[in-house]
Amino acid sequence: MTPKRKKRLYIILALVFGAGIAVGLTMYALSQNINLFYSTSQVANGEVPIGTRIRVGGMVVKGSVKRSKDSLQVNFDLTDYGKPITVSYTGILPDLFREEQGIIAQGKMDDQGIFQADEVLAKHDENYMPPEIAESMKKKAESK
Amino acid sequence: MKIKFPRWFYRLASPRWFYDITSKLLPWFTIIAFLLIVIGTIWGLVFAPADYQQGNSFRIIYIHVPTAILAQSCYMLMAVAGAVGLIWKIKIAHIIAKSCAPIGASMAVLALVTGAIWGKPTWGAWWVWDARLTSMLVLFFLYVGVIALTSAYEHVASGDKAAAVLALVGVVNIPIIKYSVEWWNTLHQGATFKITEKPAMPPDMWIPLLIMIIGFYCFFAVILMSRARTEVLRRENRSDWVKSLVERY
């Protein structure tokens with residue numbers, strides 16, 4: 001490489017490196033705000049302000065879903081395998097909502113320590129599988 | 001430091017040679033891309049099994065993942081081509097970079113739209129400001145910026161340079177897109193394909209997906225070559241070989 005080209009190469013490397021550091025530091029400073037949701041333990045430990053709109057993510061505890069008989073109101077417990085919290089929601093739940101499914105609820109903490117959600121989103125993972133395989137895996141897990 | 005490359009490598013820089021070689025490559029890539037995409041689409045949409053949780057709506061993965069991967073690969077190619085153009089002042093590199101931008105932008109739009117269509121039935125929302133979705137939107141804006149900068153100058157060379165610098169700065173965004181699902185809590189699930197691990201789904205699900213991805217890469221090559229060839233003719237319109245080429249038709 002000629003000295004001139006070498007110089008241009010270094011300038012470009014410095015540019016990319018500099019931009020990387022600048023963005024990296026910004027991301028680091030904002031890291032808590034970039035998270036889409038709080039974990040249920042954080043909420044239960046009082047690390048989140050009461051009365052402000054937040055998102056909480058966790059697994060729906062098995063057997064905790066209680067539907068109201070005369071309205072769309074539903075109560076369920078959410079856990080990150082640490083401390084669980086109770087969520088109350090009125091409305092239509094997404095198709096993927098079920099027990100032991102990861103979900104994200106948006107809403108506010110009320111005075112009684114119940115999370116009043118106005119939006120519930122279902123989270124799924126990248127482990128796609130056909131129904132038959134899921135069924136046989138479930139059987140295997142149960143027979144253990 | 002003096003590195004010797006084989007001769008074809010140096011000839012790659014010549015617009016005329018590029019024009020000649022791509023006219024030979026183009027039909028092959030077109031056939032392969034067409035075959036792979038047709039096979040992948042039919043396999044993915046008809047024969048691949050449905051997902052145990054999402055049912056058939058999961059099949060949009062066969063469009064969503066290839067477009068999302070390509071939007072990022074295309075950006076890397078554009079940035080590298082831009083850097084080569086800046087350092088070695090190679091005309092063809094800038095032509096490639098310029099031709100990449102609109103293709104990448106369309107791929108990013110496709111990924112965002114298919115993602116939204118997928119998100120509504122599964123998550124319950126068209127759009128969520130989580131790290132993966134937001135960084136993908138930023139990628140689209142970067143493409144738009146590169147397209148705008150390229151054509152914002154009177155002199156072609158100035159536009160090329162400015163766009164290459166923007167493309168290089170925007171490279172920071174690529175690792176952010178890739179690792180956003182690992183670094184932060186996101187609604188978006190983890191990566192479907194990882195280089196180091198086996199895919200987290202059975203072969204009759206991932207083989208059609210792999211076919212679609214390779215098919216989309218070939219399709220991308222076809223569009224890129226076609227765009228670059230047109231751009232070569234436009235920029236070299238004063239040279240003798242282009243004049244004689246035009247006279248022949």
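In what follows, chains carry the letters A, B, and so on, assigned in the order in which the sequence lines appear, proteins first and then strands, with residues in each chain numbered from 1.
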Undergrad: Under the side-chain contact (heavy atoms from CB on, under 4.5 Å) criterion, do B:Ile87 and A:Ile12 qualify, and how do the steps go?
TA: CA-CA 8 Å; B:Ile87 298 168; A:Ile12 286 170; 3.5 Å; yes
Undergrad: Do other residues, nucleotides or ligands put more than 12 heavy atoms under 6.0 Å from the CG atom of B:Leu137?
TA: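 It does: B:Leu137 CG has more than 12 such atoms within range.
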Undergrad: Given A:Arg5 and B:Lys89, is the side-chain contact (heavy atoms from CB on, under 4.5 Å) satisfied, shown in steps?
TA: CA-CA 9 Å; A:Arg5 286 174 184 171; B:Lys89 306 267 178 206; over 6 Å; no
Undergrad: Nearest 0.5 Å please: distance from the OH atom of A:Tyr128 over to the CZ atom of B:Arg59.
TA: 13.5 Å
Undergrad: Tell me yes or no: between the side chains of A:His124 and B:Gln53, is some donor less than 3.5 Å from an acceptor?
TA: no
Undergrad: Can you tell me how far the CG atom of B:Leu187 sits from the CG atom of A:Leu121, to the nearest 0.5 Å?
TA: 5.5 Å
Undergrad: For B:Pro202 and A:Met129, work out which heavy atoms get closest and say how close.
TA: CD-CA, 4.2 Å
Undergrad: Below 4.5 Å from any heavy atom of chain A, which atoms of B:Val165 appear? Answer side chain, backbone, both or neither.
TA: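 Both backbone and side chain of B:Val165 come within 4.5 Å of chain A.
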Undergrad: Could you tell me the separation between the CG atom of B:Asp130 and the NZ atom of A:Lys123, rounded to the nearest 0.5 Å?
TA: 8.0 Å
Undergrad: Need one label for B:Trp206: side chain, backbone, both or neither, based on atoms under 4.5 Å from any heavy atom in chain A.
TA: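 Neither the backbone nor the side chain of B:Trp206 comes within 4.5 Å of chain A.
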Undergrad: Drop me the distance from A:Ile104's CD1 to B:Trp123's CH2, to the nearest 0.5 angstrom.
TA: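 Between A:Ile104 CD1 and B:Trp123 CH2, I get 9.0 Å after rounding to 0.5 Å.
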Undergrad: Between atom CH2 of B:Trp88 and atom CG of A:Leu9, what is the distance when rounded to the nearest 0.5 Å?
TA: 6.0 Å
Undergrad: Between B:Trp184 and A:Leu36, is a side-chain contact (heavy atoms from CB on, under 4.5 Å) present by the stated rule, with each step listed?
TA: CA-CA 8 Å; B:Trp184 301 293; A:Leu36 187 69; over 6 Å; no
Undergrad: How long is the straight-line distance from CE of A:Met27 back to OG of B:Ser180, given to the nearest 0.5 Å?
TA: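 Between B:Ser180 OG and A:Met27 CE, I get 9.5 Å after rounding to 0.5 Å.
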Undergrad: Is it the backbone or the side chain of B:Ala79 that comes under 4.5 Å from a heavy atom of chain A, or both, or neither?
TA: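 Contact with chain A: none, neither part.
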